[in-house]
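Comments concern the structure below.
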Amino acid sequence: MPVPKQRIATLLASGEPETEVELGGWVRTRRDSKHGFSFIELNDGSCMANLQIVVDADVPGYAETIKQVSTGSSVWIRGVIKESQGAKQRIELHAKSLTLVGTADPETYPLQKKRHSFEFLREIAHLRPRTNTFGAIARVRNCVCWAIHQFFQERGFLYLQTPLITTSDCEGAGEMFTVTTLLKPDSSATQPLPKNDKGLVDYTQDFFARHAALTVSGQLEGEIYATAVGPIYTFGPTFRAENSHTTRHLSEFWMIEPEMPFYSLSDNMQLAEEFIKFIIQSTLDRCGEDLQFFNDRIDNTVLETLNHILAHEFRRVSYTEAVDLLLQSNKEWEYPVEWGTNLQAEHERWLTEEHFKQPIIVYDYPRCIKPFYMYCNEDEKTVRAMDVLVPGVGEIIGGSQREDRLDVLTARMEEGGLNVEDYWWYTDLRRYGTVPHSGFGLGLERILLLLTGMQNIRDVIPFPRTPGHAGFGGNPY
RNA sequence: UCCUCGAUAGCUCAAUCGGUAGAGCGGCGGACUGUUAAUCCGUAGGUUGUAGGUUCGAGCCCUACUCGAGGAGCCA
C-alpha cells in the first residue's frame, strides 16, 4: 500500500477526472446491479461524504469478494477518477482492483444503515466513530483544539503544562480523586492501610509522602507562570470526583485556562468573548460541512445560533442587576431569588434563553458564595468573578480577577478556614512583585455542545468517564 | 446524593381490563435496477433486565436488586 495515502476529503474537493488513485477505507453500504457491477459507498473518516466506487464485474476477484464487501468491512481500491453519471456526486472512482482487507460479518456487526440511539452507540464506543455523527464530532473537536492554540499563540500566550497530580489540600473546585500506591489493583480489602496517631490514613508512607490527587484545575499553578513569563494558557484534562448524573458533567474533561498579568476583570471578559467568537468562526470556516450536518440532522438551530452569537456583543450583567431582573420577572421560581445566593440553573436559563436570548456575562458575584482567590471589590460585598452563560448549554466559562493584595488574600483564606501556610507559594506571588491578574476556564466539551447542538456531553468526548463508567465505552466492562 | 421515568427480536418501539408476544428497520434468500435512506416479494429471529411473590393464568399487579435516561445540587 503506497505512500502518500490519498484521502477522500481531498479527492472530493479537488480530484480531477482520469487521475489514477489508490486508497483504503470502510464500506458504508453496497448496492449491486445484476447487469454486472456494484456501487460501494466508501468512507475514510476524512470528511462527512462518502466516495462512490463503481466496481465492474471484470475487476479481478469481483465474483469471489463482492458479497463480502458488506457494511463495516475495510477495502483497498485502486482505480481511476471519473465524472459521475449520478446527480449526487461530482466524481466517483472506477475500480481497477479491489482488495477486501477486513470483513465485517453482517450478522454481528452492530452498526446498521439506520439511525441508532446515542445511548446504544455509547455502549459501543469503539465503533461509534465510524458513524456520520461521531466522525463529525471528532473532526469538529480537532478543529476546536487547533483554533484554541491558534488564538492564544497569535496573541503571544505561552502554552503551559500544569501538573495533573497535585498535592494542594484544597483547590476549592469540587471533590478530587486520590492518587495513591497504598492500594494496588490486586489488594485485598482486608489489607491494612498505614495509620497515623490520629487513626487517619498515613499518607507520609504513600508514594508522594503526602496526600496527592488528580487536578481539578491548573489555575493556581498557572498564576505562577503568568506572573513570570506573561500570559499563559493551559489545555489538558481535568478530573472531578463529583457524583454527577447530568448531560453537562464528566468526571474527566478537558479545560482551557488562560491566565494574564495586568488584566482587569473587564479585560478578562473581553478576552473570553473574543475567544469564544474566534472558536466559532474558525469552526464555521474549517468544518462547514460537518456543522451543516449537525444543523440538518441534530439541531436545526445550530447555525443560526452560532451566527447570532458572532453578530452580537455579549451582554454584561452584574449579579445584582441579574437578581433584580429575576425578581421583576414575575416568574414562579422553584428556588427563590435572593441576593447572596447562587443563581440556580432555572435562573441562568431564563436570563440567557428567554430574557436576553444571547450569551451573557454575569459579573461581580457576592463574595460569600465565591472562593478565596477572587478579588474583593471596594463595596466589600462582591468579588470580581464572571460567568459566561450561553443559551442551551448554560455556564461555559467561569473566571475572575485574582486577589493580588497579600493582606486581603490571607484574610479571605482565614475566613474560609484554610491553612494559609499550605499555600505559602501562592501567597509568595503576592509577597514578591505582585500584579493584578485575571483568568478563566473554558470547558472544551461544553463549547462542543454549543457548536454541534448535541444534547449530552458524554457524546462529544471520545471515551466519556462518568460515575460507574470508565471502560473504553460507556459500560463498565 | 436526592427526585422522576424506563428496561419486550440485532436496533427503534407496540401489545386494550391480567387471557395465544407484534411491527418497522437491519440480517438472510429471491426479483428488479447507473444505483445512492434504493424498491418489491419471501424468511428466520424471544426464558419480555435479574430474583422472588400474588393469581386458574403475569410483558402487564406487588417486593427487592441491577442497569439506563432525564432533572436537581456541584461546576467547566
Side-chain angles (χ1 to χ4, degrees), chain A residues 28-42 49-56 67 70-72 82-89 92 94 104-124 132 171-175 216-219 237-257 272 297 334-335 341-346 348-349 369-371 387-390 393-399 440-450 455-458 460-461 466-469 474-477:
Chain A
R28 284 294 172 78
T29 182
R30 188 193 82 232
R31 295 178 294 272
D32 296 329
S33 165
K34 278 297 180 300
H35 291 331
F37 59 95
S38 296
F39 296 100
I40 297 172
E41 291 287 332
L42 193 71
N50 302 321
L51 179 63
Q52 175 162 285
I53 316 286
V54 180
V55 190
D56 273 313
K67 282 287 177 194
S70 57
T71 300
K82 299 277 189 188
E83 278 181 35
S84 180
Q85 298 172 33
K88 298 201 174 180
Q89 57 276 320
E92 61 193 20
H94 288 225
D105 183 358
E107 296 275 3
T108 59
Y109 185 62
L111 293 175
Q112 304 169 355
K113 290 187 298 178
K114 57 167 283 191
R115 199 182 176 84
H116 289 291
S117 69
F118 293 130
E119 289 83 1
F120 172 68
L121 291 172
R122 236 170 266 153
E123 294 171 6
I124 51 168
N132 285 336
E171 295 187 4
E175 294 292 314
V216 294
S217 166
Q219 179 202 318
T238 304
F239 308 89
R240 304 273 166 94
E242 301 287 348
N243 197 8
S244 298
H245 292 96
T246 78
T247 53
R248 78 211 93 75
H249 290 87
L250 291 165
S251 309
E252 175 184 288
F253 63 98
W254 286 65
M255 186 155 68
I256 300 93
E257 294 182 286
R297 303 293 290 270
E334 191 181 340
Y335 294 89
T341 62
N342 270 311
L343 297 179
Q344 301 293 313
E346 58 169 342
E348 294 184 345
R349 233 180 289 120
I369 57 170
K370 287 293 181 183
D387 284 350
V388 178
L389 311 177
V390 297
V393 180
E395 182 179 346
I396 201 168
I397 276 179
F440 61 81
L442 168 78
L444 176 65
E445 286 77 19
R446 289 201 177 162
I447 201 162
L448 281 166
L449 292 178
L450 176 69
Q455 295 290 304
N456 196 313
I457 201 163
R458 291 175 278 231
V460 293
I461 187 168
T466 54
H469 300 276
N475 275 349
Y477 293 149

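Naming: A, B, ... by sequence-line order, numbering from 1 per chain.
A:Asn243 has no side-chain polar atom (N or O) that falls below the 4.0 Å cut-off from OP1 or OP2 of B:C2. Note on A:Thr247: a side-chain N or O is less than 4.0 Å away from OP1 or OP2 of B:G71. At B:A72, one or more side-chain N or O atoms of A:Arg248 fall inside 4.0 Å of OP1 or OP2 (strictly under the cut-off). For A:Arg122, a side-chain nitrogen or oxygen approaches OP1 or OP2 of B:A69 to under 4.0 Å. Here A:Lys88 does not reach the OP1 or OP2 of B:G34: none of its side-chain N or O atoms lies under 4.0 Å away.
Among the atoms of the strands shown, only primed sugar atoms or phosphate atoms (P, OP1, OP2) are found under 4.0 Å from some heavy atom of A:Ile397. A:Thr246 comes within contact range of at least one nucleobase, with a heavy-atom separation under 4.0 Å. Within the nucleic acid shown, A:Arg297 has no heavy atom closer than 4.0 Å to any nucleic acid atom. Using a 4.0 Å heavy-atom cutoff across all strands shown, A:Tyr335 reaches sugar-phosphate atoms only and no base atom. A:Glu41 comes within 4.0 angstrom of a nucleotide base, judged by non-hydrogen atoms across all strands. Counting non-hydrogen atoms under 4.0 angstrom, A:Gly86 reaches a base of the nucleic acid. A:Ala87 comes within 4.0 angstrom of a base, heavy atoms only. Contacts of A:Glu257 with the nucleic acid, taken as non-hydrogen atoms under 4.0 Å apart, are absent. Here A:Ser117 lies in heavy-atom contact (under 4.0 Å) with sugar-phosphate atoms only. If you check every strand for non-hydrogen atoms under 4.0 Å, A:Phe253 touches a base. In this structure, A:Asp32 reaches the bases: a heavy-atom distance under 4.0 Å links it to at least one base atom across the strands shown. Using a 4.0 Å heavy-atom distance criterion, A:Glu107 is classed as a sugar-phosphate-only contact. Contact annotation for A:Gln344: backbone-only contact, meaning every heavy-atom pair under 4.0 Å involves sugar-phosphate atoms and none involves a base.
Distance A:Glu346 CD to B:G70 P: 20 Å, rounded to the nearest Å.
The aromatic rings of A:Phe37 and A:Phe39 sit perpendicular to each other, their planes meeting at more than 60°, with 30° as the lower class boundary.
Between the side chain of A:Glu445 and the backbone N or O of A:Trp254 there is at least one donor-acceptor pair closer than 3.5 Å. Between the side chain of A:Glu242 and the backbone N or O of A:Glu175, at least one donor-acceptor pair lies under 3.5 Å.
When both distances must be under 3.5 Å, the Watson-Crick or G-U wobble mate of B:U43 is B:G27. Under the Watson-Crick and G-U wobble criteria, each requiring two contacts below 3.5 Å, nucleotide B:U1 is paired to B:A72.
Here B:C17 is in the syn range [glycosidic angle within 90° of 0].
Dense packing is recorded around CD of A:Gln112, with more than 12 heavy atoms of other residues, nucleotides or ligands lying under 6.0 Å away.
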